[in-house]
2 protein chains.
Amino acid sequence: MQKQVDAEVGRTPLSRDRILRAAVTLADKDGLESLSMRKLAQQFGVVPMALYKHVANKDDLVDGMVDVVFGEIDHPPSGTDWKTAMRQRALSARQVLSRHRWAIGLTESRMKPGPTNLRHHDSVIRCLTEGGFSIEMAIHAYSALDSYIYGFALQEQQLPFENPGEVDEVAQTMLSQFPSDDYPYLAQTIAEVINKSEWQYADEFEFGLDLILDGLERVLVR
Amino acid sequence: MQKQVDAEVGRTPLSRDRILRAAVTLADKDGLESLSMRKLAQQFGVVPMALYKHVANKDDLVDGMVDVVFGEIDHPPSGTDWKTAMRQRALSARQVLSRHRWAIGLTESRMKPGPTNLRHHDSVIRCLTEGGFSIEMAIHAYSALDSYIYGFALQEQQLPFENPGEVDEVAQTMLSQFPSDDYPYLAQTIAEVINKSEWQYADEFEFGLDLILDGLERVLVR
DNA sequence: TGGCTATGGTGTACATCGTACACTATGGGT
DNA sequence: ACCCATAGTGTACGATGTACACCATAGCCA
């Protein structure tokens, strides 16, 4: 009987994996805020409580989603020097985090990291130690790099514009909003941004990244 | 009549400011997750809807809370070189963010920054340009530093332990949890952490911070 | 002095959420 | 032929944000 319904609706059985994937795409589209068990269940043509056979509760769901996202980040490739490997990983991480902007503040999950996470950490530390870092220095380096990466993603997420095209417009209205005498330096900065057309915040990423990587290299060889 | 009630209960009139402060301390105590309009209203012995005379809705409330928090961050002090000034600001920011851990992921508020925020930005840019940075370089520097600061706070917030005392314990259970053959480098790292007693993640902050500051100095004088 | 209106607090009501709990159908193993 | 683990259903409850209509007060102008 139920089987017939399933067949009619063209329903594949649920699974933690399918649920997590659907949840991620849903969050990508509408934000995590508006992701509810009910809407998620609807995606599968299923009653909300059905999800709870595969997921302990909403927190568990979100933990799983975060794990999926972090699984998308490339490991530092082997076969190159640590610097380009870590650089590549950083770029991948930024891409992934900007694809799943909702995941950024959410790393409470990592209180109990999944295997995906652990494997990634292992890869990174391996890359660094093989590149000549002591364990202690590797910790320093890893912490510095990831802080920068997540922080950048965080800032990028909360800019008052979404597309590069909007930058000028937003900047203009900001300038007109407040008397530039109140915030002279800020006003000058905004003017500069308007001036050099095609400025994108995303381009800032590599500047800071290289600052850190170069700094690490310097303390390494010392 | 109402006045009598107010007097009996010892009630001062509400105000946006009082509400925001109460909300912040409440969030500090129990986390933002469990901050509800009802609980907040209860703090004042008032019905939930009363708050809406001073606050547009919960988003507006949170925006206000974030603004309060960012107002606590020291501006870069004038009268010193840019490097120590910016260093001091960074330390202050970290302190504030670790005092209000809930505020870290929440900067969607800054989509419409309050005056507090604008004034702070102005201060920072001023500090940098007076220190010899071009506007373009100041943007680079500001972005790099703040990305690092927020990212570090984010990471710190989501560590699997709260007090330095727990570090060893957590590390031990982690080590025993997974076969160290699966994650050899990670295992080695954890062992190292256990080994050097009194390791605190907080100490990592200054390493990365100085990495960035030194890097900035170098590109400045170049 | 008396009444008008803006302001701020009240009460009720509703939609939406996460999820506990009891149920039913199914399909594989004995 | 039966049993039982597994997966999906249905109903129900408490909590939450907030719309809307209401009322008390205080300050103002006549």
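Letters A, B, ... mirror the listed sequences (proteins, then strands); counts begin at 1.
- At the heavy-atom level, B/K53 lies under 4.0 Å from base atoms of the strands shown.
- Picking from C/dG9, C/dT19, D/dT18 the nucleotide with the shortest atom distance to the side chain of B/P48 gives D/dT18.
- For the pair B/H54 and C/dG9, the criterion of a side-chain N or O lying under 4.0 Å from OP1 or OP2 is met.
- For B/Y52, taking side-chain heavy atoms from C-beta onward, the closest of the listed nucleotides D/dG17, D/dT16, C/dG18 is D/dG17.
- Electrostatic pairing of B/R16 and B/D60 counts as a salt bridge here, judged by a charged N lying under 4.0 Å from a carboxylate O.
- The separation between B/E33 atom CD and D/dA15 atom P is 16 Å, rounded to whole Å.
- In the set D/dG17, C/dG11, C/dG8, the nucleotide with an atom closest to the side chain of B/V47 is C/dG11.
- Between B/Y148 and B/F152, the two ring planes are tilted [angle within 30° to 60°].
- Distances from the side chain of B/A50 to the nucleotides C/dC17, C/dT10, D/dT9 place C/dT10 closest.
- To the nearest angstrom, P of C/dG9 lies 9 Å from CG of B/L51.
- Mapped onto DNA chain D by nearest heavy atom, B/K58 and B/M49 fall at different nucleotides, with B/K58 at the one closer to the 5' end.
- One can place CG of B/N57 at 14 Å from P of D/dC20, the figure rounded to the nearest angstrom.
- Counting only heavy atoms from C-beta on, A/R38 has its side chain closest to D/dA12 among D/dT9, D/dA12, D/dT16.
- Atoms CZ (B/R18) and P (C/dG9) sit 10 Å apart, rounded to a whole Å.
- Between A/I19 atom CD1 and D/dG8 atom P there is a gap of 8 Å when expressed in whole angstrom units.
- Annotation: of the two residues near DNA chain C, A/A56 and A/S34, the 5′-most nearest-nucleotide partner is A/S34.
- Separating the CD atom of A/Q42 from the C1' atom of C/dT16 is a distance of 13 Å, rounded to the nearest angstrom.
- The interatomic distance linking A/M37 (CE) with D/dT9 (P) rounds to 15 Å, in whole Å.
- Distance, B/L61 CG to D/dT16 C1': 14 Å, rounded to whole Å.
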- For side chain to side chain donor-acceptor pair (under 3.5 Å), just list the numbers for B/S123 and A/Y185, CA-CA rounded to whole Å, side-chain angles, deciding distance to a tenth of an Å, and then say yes or no. CA-CA 8 Å; B/S123 272; A/Y185 294 91; over 6 Å; no
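- At a threshold of 4.0 angstrom between heavy atoms, the contacts of B/L35 are confined to the sugar-phosphate backbone, with no base atom among them.
- For the atom pair CD of A/Q200 and CD of A/E156, the computed distance is 9.5 Å after rounding to the nearest 0.5 Å.
- Residues satisfying the side-chain contact (heavy atoms from CB on, under 4.5 Å) criterion with B/S15, sequence neighbours excluded, are B/D17, B/R18.
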